[in-house]
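Just below is one structure, and these are the notes that go with it.
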Amino acid sequence: MTAAAPTSADPLDLPTIDDVRAAAVRIREAAHRTPVLTSRLVDAEVGAQVFVKAENLQRSGSFKFRGAFNTLSRLSAEQRAAGVIAFSSGNHAQAVALAASILHVPATIVMPTDAPATKMAATRGYGAEVVTYDRYTEDREAIATALAGERGLTLVPPYDHPDVIAGQGTAVLELLEETGPLDALYVCLGGGGLLSGSLLSARSLAPDCTVYGVEPAAGDDGQQSLRAGRIVRIEPPRTLADGAATPYLGTRTFPIIRDLVTDILTVTDDELVDGMRMFASRMKVLTEPTGCLAYAGMRAAAAADPERFAGARIGVVVSGGNVDLDRFAALVG
Ligand SMILES: *Cc1c(COP(=O)(O)O)cnc(C)c1O
């Protein structure tokens, strides 16, 4: 950073579409260009043409690999040598661990002692060091910050970071490059990294496309924040959508969402399970409950207002597919 007097200085360093495009070039060598799935049965049910960007088929099993790889690619040689740290019990952990192993960066992941064994094993399998903490008595952020200070590690946040947002935006950039302009786009919403990045891409490539964020009904902090015009914090929600159970939006993701989103919708856990069933039976892909937020939001909107969907071209981002098979079976069975 230079100290030149900036007239249009943005204290939050908000990313732009140029950052998304630069991220797309950076991640090309490592990330999958995931397929866009369609189903005539789904189209017939919805009464529209539906294009599903299948990020459940992304490396590490979710779109989070995009933001993680973009962020790690931008570190200096010194930062890379020292290593990175992240706190997460879910997809961000696996994404950072995999991106770090590809880029030969040492990674430390702070996870709760009771995190699912498969997720811990996957994170260790990518070569990361897992540091555990007790989620009832210890503060993960404090532990990560302390370790970062002691060992000189760079903290990689799950959503509130310009490089993370830009990386996440590349999924919708690819989708729109492939489909051309869409009438509406549905994107899941947790902390807002995916939605804010998607908005940057959609506003640039398809300015007339309406864009909806979809979050769990039990954790509707995003909708409340949009209505209130400020970041509203809620108690950690109980929902099947564990990947979107974030109790508040980020200081960077919120202003982008507030300025560019059409609206924020909510769906119930039952609607997510219907989505998992649909993806397995019709599109032959495995999804986690959180991964189905956008589809469930689109489905509910189509049911409520079939007229508006008639003949429309609709995009849906499926965000992840990391789910234990027994859990999947128990939910959809
Ligand atoms: C992290 C995650 C989300 C939420 O993404 P944000 O960028 O936090 O809004 C949604 N779905 C899956 C599968 C995730 O891993």
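Ligands are counted one by one from 1 in listed order, and the atoms in each one are counted from 1 as well. These figures come from a predicted structure and were not determined experimentally.
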query: If you measure every N/O of G291 against every N/O of ligand 1, is any gap under 3.5 Å?
result: no
Heavy-atom side-chain proximity of T210 to L185 below 4.5 angstrom: no
- request: Mark up the atoms of ligand 1 that fall under 4.0 Å of a heavy atom belonging to N91, in ascending order.
  value: 13 (C), 14 (C), 15 (O)
statement: side-chain contact (heavy atoms from CB on, under 4.5 Å) with V323: of L286, D242, N56, only one passes, and it is L286
- prompt: Which option out of S62, C188, P289 puts a heavy atom nearest to atom 10 (C) of ligand 1?
  reply: C188
- prompt: Where do A48 and A312 come nearest, in terms of heavy atoms and distance?
  reply: CB-O, 3.4 Å
- request: Using modelled atom types only, decide if a donor and an acceptor are shared between the side chain of R80 and the backbone of V105 within a distance under 3.5 Å.
  value: no
message: Looking at ligand 1, is there an atom of it that comes within less than 4.0 Å of some heavy atom belonging to L195?
response: no
message: With a 6.0 Å cut-off on the ring centroids, do Y295 and F279 count as close?
response: yes
field: Side chains of V164 and N70 in contact at under 4.5 Å (non-hydrogen atoms)
entry: no
statement: Short version for A244: what comes under 4.0 Å of ligand 1, heavy atoms counted, is neither
field: side-chain contact (heavy atoms from CB on, under 4.5 Å) assessment of V214 paired with T266
entry: CA-CA 5 Å; V214 187; T266 67; over 6 Å; no
query: Short list, please: which atoms of ligand 1 are under 4.0 Å from a heavy atom of G320?
result: 13 (C)
message: Which of the numbered atoms in ligand 1 are under 4.0 angstrom from any heavy atom belonging to G190?
response: 4 (C), 6 (P), 8 (O), 9 (O)
query: Contact between G192 and ligand 1, counting heavy atoms under 4.0 Å?
result: yes
field: Lys/Arg N to Asp/Glu carboxylate O, E55 vs R66, below 4.0 Å
entry: yes
query: So how far is it from I143 CD1 to F87 CZ, rounded to the nearest 0.5 Å?
result: 10.5 Å
task: Give the atoms of ligand 1, by number and element, whose distance to some non-hydrogen atom of G193 is under 4.0 Å.
output: 6 (P), 7 (O), 9 (O)
statement: Under 4.0 Å between heavy atoms, the region of E288 that gets near ligand 1 turns out to be side chain
- prompt: Going by atom types alone, do T251 and D160 pair a side-chain donor with an acceptor below 3.5 Å?
  reply: yes
query: Can you tell me the protein heavy atom closest to atom 3 (C) of ligand 1 and the distance?
result: G243 O, 3.5 Å
statement: atom 5 (O) of ligand 1 sits nearest the protein heavy atom F63 CZ, 3.4 Å
Protein heavy atom at shortest distance from atom 8 (O) of ligand 1: G191 N, 2.8 Å
query: Using heavy atoms and a threshold below 4.0 Å, how should the contact between K64 and ligand 1 be classified: side chain, backbone, both, or neither?
result: side chain
Residue and atom name of the nearest protein heavy atom (relative to atom 12 (C) of ligand 1), distance in Å to one decimal: S319 OG, 3.3 Å
